[in-house]
Amino acid sequence: QVQLVESGGELVQAGGTLRLSCVGSGLTFSNYVTGWFRQAPGKDREFVSAISWSPSNTFHADAVKGRFTISRDNAKNAVYLQMNSLKPEDTAVYYCAAGRFVLKVEVDSEYNYWGQGTQVTVSS
């Protein structure tokens, strides 16, 4: 059974940093495209970042480019989202997702497995 478990979300002040973690079981992340999505209250879920089978291939939404970094630790079967210079508009529930055959990393329906989410709140 595949499980993705996120952690690391919390309340932080604007300008602060957080690192989200996603640990997988029942699958090997290096064989998947792994992405981070977020959903703010009253808004649709949106793409944040993704990392492909090759760790050198990473993707970021324009809204987070230059501030967020996605990485993977194969030994721990974990994916991380380092978030710097956080803004109040980054407030959302952040979800980790994994897809075996992802052609468009920004499309959530391309991913097969999802975590339960972790809340990130950025105060102004």
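Residue numbers count from 1 along this sequence. Quick caveat: nothing in here was measured; it's all calculated off a predicted structure.
- The nearest pair of heavy atoms linking Val105 to Tyr111 is O-OH, 2.7 Å.
- Considering all non-hydrogen atoms of both residues, Ser30 and Asn74 come closest at CB-OD1, 3.6 Å.
- A continuous path of Ile, Leu, Val, Met, Phe, Trp and Tyr side chains, each step under 4.5 Å between heavy atoms, connects Ile51 with Phe29, placing both in one hydrophobic cluster.
- Ring centers of Trp114 and Phe37: under 6.0 Å apart, within the cut-off.
- Listed by first and then second residue, the salt bridge (Lys or Arg N to Asp or Glu O under 4.0 Å) pairs that reach into residues 53-66 are Asp62-Lys65, sequence neighbours excluded.
- Linking ILVMFWY residues whenever their side-chain heavy atoms come closer than 4.5 Å, directly or via other members, places Leu4 and Ile70 in the same cluster.
- Hydrophobic clustering of Ile, Leu, Val, Met, Phe, Trp and Tyr side chains at less than 4.5 Å, counting indirect connections, unites Leu81 with Leu18.
- The ring pair (Phe, Tyr, Trp, His ring centres under 6.0 Å) check on Tyr113 picks up nothing, with sequence neighbours excluded.
- Put simply, CG on Leu20 and CD on Glu10 are 9.5 Å apart, with the number rounded to the nearest 0.5 Å.
- Every residue two or more places apart in sequence or in another chain that forms a side-chain contact (heavy atoms from CB on, under 4.5 Å) with Val122 is listed here: Val12, Ala14, Leu86, Pro88, Asp90, Thr91, Val120.
- Listed for the Glu6 side chain is a donor-acceptor partner under 3.5 Å among the backbone atoms of Gln116.
- Between the side chain of Asn77 and the main chain of Gly24, a donor-acceptor pair closer than 3.5 Å is present.
- Applying the side chain to side chain donor-acceptor pair (under 3.5 Å) test to residues at least two apart or on different chains, the pairs with a partner in residues 41-50 are Arg38-Glu46, Arg45-Asp108, Ser49-His60.
- Using modelled atom types, one side-chain atom of Ser52 and one backbone atom of Ser54 make a donor-acceptor pair closer than 3.5 Å.
- Using a 4.5 Å cut-off between side-chain heavy atoms of Ile, Leu, Val, Met, Phe, Trp and Tyr, with links allowed through other members, Val79 and Phe68 fall into the same hydrophobic cluster.
- With a 4.5 Å cut-off on side-chain heavy atoms, Thr17 and Gln82 count as touching.
- A single hydrophobic cluster is seen to contain both Tyr32 and Trp36, as judged by linkage of ILVMFWY side chains at heavy-atom distances under 4.5 Å, directly or through other members.
- In this structure, Tyr94 and Gln119 have side chains that are not in contact, with every pair of non-hydrogen atoms separated by 4.5 Å or more.
- Under the side-chain contact (heavy atoms from CB on, under 4.5 Å) criterion, Gln3 pairs with Ser25, not counting sequence neighbours.
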List the atom pairs, with distances to 0.1 Å, where a side-chain N or O of residues 96-103 and a protein N or O form a donor-acceptor pair under 3.5 Å, not counting sequence neighbours.
residue: Arg100; atom: NH1; partner: Asn31; partner atom: O; Å: 2.7

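- The main-chain N or O of Trp53 is found under 3.5 Å from a side-chain atom of Arg72 such that the two form a donor-acceptor pair.
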